[in-house]
Chemist: 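Below you will find the structure I want to go over with you.
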Amino acid sequence: MNKIFRSDEAAYEFYRRFGKCFGFGIRKGDSGKDESGRVIRRRFFCNRAGLRQRHYDRLDRNRGHRLKTCTNCEAKLSVYLDVVSGKWRAHGVPTSKILGYMAGQAGGYSLMGFTKKDAYNYINKAKRAKIIDGDANATVVYLEGKAGGDPMSMARYNLTKDNMLANMFWADGGSRVDYQNFRDVLAFDSTYKKNKYQRPLVIFSGVNNHKQTTIFGFGLVLDESVGSYKWLLENLLEVMCNKKPSVVVTDDCDSMKAAINSFFPEATHRLCAWHMEKNVTANVKEKRLRQCFTRWLYSEMEIDEFEAEWDDAVEEYGLQNSFWAKETFQKRMMWANAYLQDKFCAGFRTTSWCEDINAYVKNFLKSRHSLVDMVQNLELVVREYRNNELLAQFRSLHGMPVMTTCLDPLEKYAADAYTREIFVDAKKEIVGVSAVNFVAKNRHSTTMVYTLEEYGNPGIERWRKEAKSLDKYAEIAEVGSERGFLLCHGALHAAAQWMLYVGARSPSSFTQALNGLHTLCQELDRGHENVRQNKAHDTVEMHDPAVVKTKGAPRVRRQGGRKRRCTRCRKTSHLKRHCNSDGAFVSKAKDNKDFEAINLGSEGSSPTEGVCSESSGSKIRLQDEIPAASGRSETMECERNVINNTDDLLKQLLTQITDISSRLGSRFPT
């Protein structure tokens, strides 16, 4: 069990010699690979492992049976690659068998000097001791190393009493810049099974000026407790320059609610409308009441009107003593649209934006991933979202929509000011108004003065094209502050996008842009001394987080698993091709070598030129499955081929049936 090998071939040679000494042969088995395709696991079996398929009773078999060699022998050697040392070690031996082996050497369990429980506790402690500078430390080092390429990226974490990773929050420079611009609405939700420790992953997100999802940061929490969420929001505020959102959208989680009330007391906490509808469906049976609740969630009405309808519903359906009704009414300011319609929510009514992110993240994260893999793959997710934003910004800047309304100047101004996605909404308002509202007219000498109502509020800057422009940041940037640095960085990044595109189009422009950047950076460094301050971290031996239990009922493993059944007789001991019930001769005859690869098309014809047979086997494509582009003549030729070959097929089939019948007649009496 302590054997170490230089390579998997050395392990195979060792087991071959071992089997030779004990009188059995071996063969290579299956293997496993990591994410990069490197083989990290090998298994070698006895040459008598497994069992042969049950096909001895086939009546149409012509070849003689081979001798039986498989006896389901379970002797094997399993080795895995230790990535740190580069050595191959034996594994796969259960702890119970190891203890049995040790008890046999000692002369019994009573003579080992320790119990089974002591052994399991020791093994668990030894495993934890080996993870020093392991997954958690590698993740922290990776996040800290990103500061070399992105000086504005930041990460925060804390440890448990056992020096295991408890909570962690991280965000790169682009996410911090986006938060400064689009922090009005903050949505976050937790998702499971995104790492091998089953820790909940929290994704903070919002909406940018193109009505697209933008990610503000990620968090890995110990559990869904109030303390974990408080730590997460506290570090979110610290990283984001203590700028608080105006609206926070979550599901109906009490832990999230308590943490939000502690750090965002002035923000409007909006509950997910979809989760509220699901809650109503589970607690209310009356269909009409559920329809009223949906109206309260989404319709525009006054507060007095909503409260009056609620009182009528309570009286009509007898909800005076309903705990659900009382609790739901107490939270009315977080879900009823009558209290939220004057709040700027940027289109957020549900956490469906968060659910979309979680669904998209599934393409990048798996439950077997380590923390380092999770962090690196989440960077790919952020990169994809930012690429979508870049494409939308390019379309808004370099495309002009067609003017179709009667208010051309107003429509043109909206097209110049807003992004393409917001212009669609603004155009609907213009079409709906069609003309300004007339108030009054007054004559002053020879001049007639017309008074008209003003349109909207022109002071909102969020949805404009220049939401991240350089001029806007130069006006509001706070000199010397961290927020001012973030705003200036975001403005320079947006202004440099076109330079990057033009500079990469040809080798000459690339060289010119690169030399110009080097010269500019040197001049800026000479003018302003760049001092980087690194926070000192205490050296602590940090362990990887423990695997936690997820929500929901535990999985129940079936005994023996689900067995496959024969589709002909519905028995579990065989499949259709080995079935001996009535009518099985035809299906068995198809497996005979005499019925292989009947090619009904002409030689050299391509698959798109009226081919009537499939690529392999004896299945024939029907006439209506022939491609429409084959032509009438090719279809008729294919039909003749089908008829001729079908006659040959029937002749061969009758010959086989006659042969089988003669053999059966000689075996059984008439």
Side-chain angles (χ1 to χ4, degrees), residues 177-178 180-185 206-214 246-247 298-300 337 341-349 352-353 356 384-443 447-476 487 490-502 505:
V177 171
D178 289 339
Q180 303 300 320
N181 294 280
F182 312 117
R183 69 178 185 276
D184 305 82
V185 182
V207 180
N208 60 15
N209 55 332
H210 300 280
K211 297 179 68 174
Q212 294 177 337
T213 301
T214 180
S246 301
V247 177
Y298 301 107
S299 299
E300 296 182 0
N337 195 52
Q341 59 186 354
D342 59 337
K343 306 293 183 181
F344 177 74
C345 297
F348 267 101
R349 287 186 175 179
S352 59
W353 297 66
D356 292 341
E384 292 294 329
Y385 278 101
R386 288 178 183 164
N387 181 62
N388 296 334
E389 178 185 358
L390 182 62
L391 295 177
Q393 181 71 10
F394 182 84
R395 288 193 296 266
S396 296
L397 293 177
H398 302 283
M400 191 65 182
V402 179
M403 305 294 108
T404 58
T405 67
C406 58
L407 301 176
D408 293 343
L410 188 61
E411 186 180 5
K412 187 176 184 303
Y413 176 80
D416 293 336
Y418 296 111
T419 60
R420 293 285 80 81
E421 290 75 14
I422 303 302
F423 172 74
V424 174
D425 297 335
K427 190 173 183 177
K428 293 179 181 178
E429 298 292 334
I430 297 174
V431 173
V433 173
S434 298
V436 295
N437 295 329
F438 173 77
V439 177
K441 67 176 181 178
N442 297 314
R443 179 180 294 275
T447 304
M448 184 69 69
V449 178
Y450 292 88
T451 304
L452 307 175
E453 287 186 347
E454 183 182 2
Y455 277 108
N457 183 9
I460 300 178
E461 301 288 341
R462 176 189 174 93
W463 303 116
R464 303 177 70 89
K465 295 180 181 178
E466 63 270 15
K468 300 170 71 174
S469 66
L470 184 61
D471 297 335
K472 177 176 179 295
Y473 288 114
E475 296 176 359
I476 65 175
L487 294 175
L492 291 174
H493 182 270
Q497 291 294 324
W498 183 251
M499 185 273 294
L500 298 177
Y501 173 76
V502 176
R505 297 178 64 178

Chemist: Should N337 and Y298 count as side-chain neighbours, where that means a heavy-atom distance under 4.5 Å?
Modeler: no

Chemist: What closest approach, in Å, do R443 and M448 show between heavy atoms, and which atom pair accounts for it?
Modeler: NH2-CE, 3.0 Å

Chemist: Answer yes or no: is there a side-chain heavy-atom contact under 4.5 Å between Y385 and T214?
Modeler: no

Chemist: Does any N or O in the side chain of R420 come within less than 3.5 Å of the main-chain N or O of A415, such that one atom is a donor and the other an acceptor?
Modeler: yes

Chemist: Can you measure from CG (N208) to CD (E421) and round to the nearest 0.5 angstrom?
Modeler: 8.5 Å

Chemist: Working to the nearest 0.5 Å, report the span between CE of M400 and CZ of F423.
Modeler: 7.0 Å

Chemist: Let me confirm one number: the CG-OG distance from D416 to S396, rounded to the nearest 0.5 Å.
Modeler: 12.0 Å

Chemist: Is the shortest distance from a Lys or Arg side-chain nitrogen in K211 or D425 to a carboxylate oxygen in the other one below 4.0 Å?
Modeler: yes

Chemist: With sequence neighbours excluded, give me every salt bridge (Lys or Arg N to Asp or Glu O under 4.0 Å) pair touching residues 402-411.
Modeler: E411-K427

Chemist: The criterion is side-chain hydrogen bond (donor to acceptor under 3.5 Å, both in side chains); which residues satisfy it with N388, sequence neighbours excluded?
Modeler: none

Chemist: Would you say that F344 contacts S246 through its side chain, given a criterion of any heavy-atom pair below 4.5 Å between the two side chains?
Modeler: no

Chemist: By salt bridge (Lys or Arg N to Asp or Glu O under 4.0 Å), which residues pair with K343, not counting sequence neighbours?
Modeler: none

Chemist: Can you sort out the partners of E384 under side chain to side chain contact (heavy atoms under 4.5 Å, CB included), two or more places apart, ordered by chain and number?
Modeler: Y360, F364

Chemist: Could you grab the distance from atom CD of Q393 to atom OG1 of T419, nearest 0.5 Å is fine?
Modeler: 8.0 Å

Chemist: If the condition is side-chain hydrogen bond (donor to acceptor under 3.5 Å, both in side chains), which residues does D184 pass it with, not counting sequence neighbours?
Modeler: R462

Chemist: Output the distance between atom OH (Y418) and atom CG (N209), rounded to the nearest 0.5 Å.
Modeler: 12.5 Å

Chemist: What residues form a side chain to side chain contact (heavy atoms under 4.5 Å, CB included) with L391, not counting sequence neighbours?
Modeler: N387, R395

